[in-house]
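Worksheet for the structure shown next.
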Amino acid sequence: LADMSVVAGLDVGTTGIRCVLYTKDLKILGSAYEKVEELHDQPGWSEVDPLELWQQCQNVVKAALKQSKISASEVASLGLTSQRNSFLTWRRSTGQPLHRIINWQDTRAEDICNRWNGSLLMRMMNAVGGLAHSLTRSSRHQAMREFKFDTVHVSVRLRWILDHLPDAEALIASNDMLFGTMDTWLLWNLTGRTVHATDYSSVSTTGLYDFYVLDWSWFVLKILGLPRTILPEIRDTSGDFGATLPTLFGAAIPIHALVADQQSALFGHCCFNVGDAKVSLGTGTFLNINTGRDIHTPSAYTLYPMIAWKIGSEVTYMAEVNASCTGTLLDWGAQVGYFAHPSEADALALTVPDTRGVVCVNAFYGLNSPYHDASARGAFLGLTSATRPAHLARAMLESLAYRFMDLFRVVEDEFETIPTDLWADGGVARSDFVLQTISTLSGARVHRTRQPEMTALGAAFLSGLACGFWSSREELAARASYDPPISPRDRAPLLPMLELWRTAVARVCKWPRVPIA
């Protein structure tokens, strides 16, 4: 490869799209960003216009190339990473979307989840799995015992779409419907509608996949009545996904990686060893632990096993626990005027010594693990006439650390060895206040990356390794750059407010639905 070559990382996130062009020594030659408009037509719904998203992806690649002053022919390869579990269906014949992209935060399928999770069939399967596990100690039987549907799963939201989509049955019967998560939709368009594929990391999060056979789950497809004919091909995370149409960017750019966003960040942090853990503080909070070749089956329905990446014969697994409202909370704080920009929340919060007893529950989209309550809603509790914006800002930042501790407690319950080091990234990780509170409460050292876009970097790493741009993972790890670690302080002063916050969480769970015009 020429010395001038770069690798592109295209990161399609929940709130924005970014393309970053990296040299071999990780210098950024070009970077471009566009904000994604989220649409919330009804309570609990979260959607994106797919055609606008596709146009924005083209825009950021072109803008990054323009900024770098290089041509598309000098891009060795492109790695695509995207938010997981956001999906759509479209016509095979025309490429026309059949509806908006349904975001991963969308909870419209809550009733389907409740109906199936409370069904006789599900109770029988859980019981049989429990009995079998007591006899065999098999992780697969343990997974049967704990299996439940969740609104974050694509499976139930796809069932909802097919139930409400006009002509769905006719389109399926005529083989004119295709399904894909966001990576599949964008790959289909990048390659001129020639490649309908996804990768193992993305499909492993959908609730449609069986880890034990490395294929689509016949059980889930069967009970939900989902047609296999609309599903994409599953390919290795780092490999061959075709190339972009030459007319898009001036030359064909090889696509050598598709990877889910959190898995991409884990790879970007070079968390290649069993037990390595990272926390991404972006739109949501995602705590991930590399479990190597082992599928970690949780003892309770609180933690998700996933495929981190598949490269050739190597399948690396990870465990994840997540919360859906992190950066979203700070964006909302700026929208309502508590501070001008989310980055200003730290400075405002530090103007007061405490919150004056105010707690914030960050639950705009319900509370997932370990509560699994899609009806929960966000709230401030403990307000008085003495409450000022600074107290609210501090309560918001504290709530992000408290919610992280929900996730960390799951890890403490599930793993014999608790992470003593956490590798942090994401927009909210720029907050010293949040990272220090996380470190103090968890007892772990927190290492904040100096790379501004870890998710894009992970996709670039995977793509660059596939095409020979970088020679090995050891070379990647040697190039990693982090701030000095943030170490724990005395946690005793924080514990009373943490317990008060947990009391507040109990108040907002099972929040009644109110019809909204």
Side-chain angles (χ1 to χ4, degrees), residues 15-16 35 279-285 323-364 367 377-408 422 424-450 452 482-505 507-508:
T15 57
K35 185 174 177 59
V279 57
S280 294
L281 298 161
T283 303
T285 296
S324 61
C325 181
T326 305
T328 308
L329 177 67
L330 299 183
D331 288 339
W332 174 82
Q335 290 169 9
V336 298
Y338 294 146
F339 31 80
H341 189 272
S343 61
E344 299 178 9
D346 261 37
L348 180 60
L350 291 173
T351 62
V352 292
D354 54 47
T355 68
R356 282 185 175 263
V358 175
V359 291
C360 170
V361 180
N362 44 327
F364 288 166
L367 289 167
R377 288 296 177 262
F380 284 105
L381 285 86
L383 298 173
T384 70
S385 60
T387 303
R388 298 291 180 265
H391 300 117
L392 299 178
R394 191 177 182 103
M396 292 166 73
L397 293 175
E398 288 182 357
S399 75
L400 303 182
Y402 298 155
R403 188 71 179 97
F404 168 84
M405 283 307 299
D406 280 339
L407 312 184
F408 197 77
L422 294 169
D425 66 274
V428 179
R430 299 188 185 102
S431 167
D432 291 341
F433 184 98
V434 171
L435 292 192
Q436 183 62 68
T437 308
I438 284 175
S439 176
T440 297
L441 288 173
S442 68
R445 289 172 299 184
V446 179
H447 306 263
R448 176 170 47 202
T449 179
R450 289 176 177 167
Y482 288 85
D483 289 340
I486 297 172
S487 298
R489 298 174 182 171
D490 180 17
R491 70 197 302 254
L494 303 181
L495 296 181
M497 286 301 294
L498 175 59
E499 289 306 311
L500 183 62
W501 182 82
R502 289 172 177 161
T503 300
V505 169
R507 301 280 181 91
V508 305

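Taken from CD1 in I438 to CZ in F433, the straight-line distance is 11.0 Å, to the nearest 0.5 Å. Here the straight-line distance linking atom CG of L330 with atom OG1 of T283 works out to 11.0 Å at 0.5 Å rounding. A distance of 8.0 Å separates CG of L498 from CG of D406, quoted to the nearest 0.5 Å. Note that the CZ atom of R388 and the OG1 atom of T351 stand 12.0 Å from one another [nearest 0.5 Å].
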Side-chain donor-acceptor contacts of residues 379-387 below 3.5 Å, not counting sequence neighbours, with atom names and distances?
unit_1, atom_1, unit_2, atom_2, d
T384, OG1, A386, N, 3.1
T387, OG1, T384, N, 3.0
T387, OG1, T384, O, 3.1

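Put simply, the side chain of W501 reaches to within 4.5 Å of the side chain of R403, judged on heavy atoms. No side-chain heavy atom of L281 sits less than 4.5 Å from a side-chain heavy atom of S431. You'll find the side chain of S439 stays beyond 4.5 Å of the side chain of R445, heavy atoms only. Inter-residue side-chain proximity for M405 and F408 is flagged as met; some heavy-atom pair is nearer than 4.5 Å.
Using a 4.0 Å cut-off between charged nitrogen and carboxylate oxygen, R430 and D346 do not count as a salt-bridge pair.
With hydrogens and angles disregarded, no donor-acceptor distance shorter than 3.5 Å links the side chain of N362 to the backbone of L400. For the pair R448 (side chain) and A429 (backbone), a donor-acceptor distance under 3.5 Å is present. In this structure, T326 contributes its side chain and T285 its backbone to a donor-acceptor pair below 3.5 Å. Judged by distance alone, with hydrogens and angles left aside, the side-chain atoms of R450 form a donor-acceptor pair with the main-chain N or O of Y482 at under 3.5 Å.
A side-chain donor from one of Q436 and T440 sits under 3.5 Å from a side-chain acceptor of the other.
Among residues at least two apart or in separate chains, ring pair (Phe, Tyr, Trp, His ring centres under 6.0 Å) pairs with a member in residues 328-356 are W332-Y338, W332-F364.
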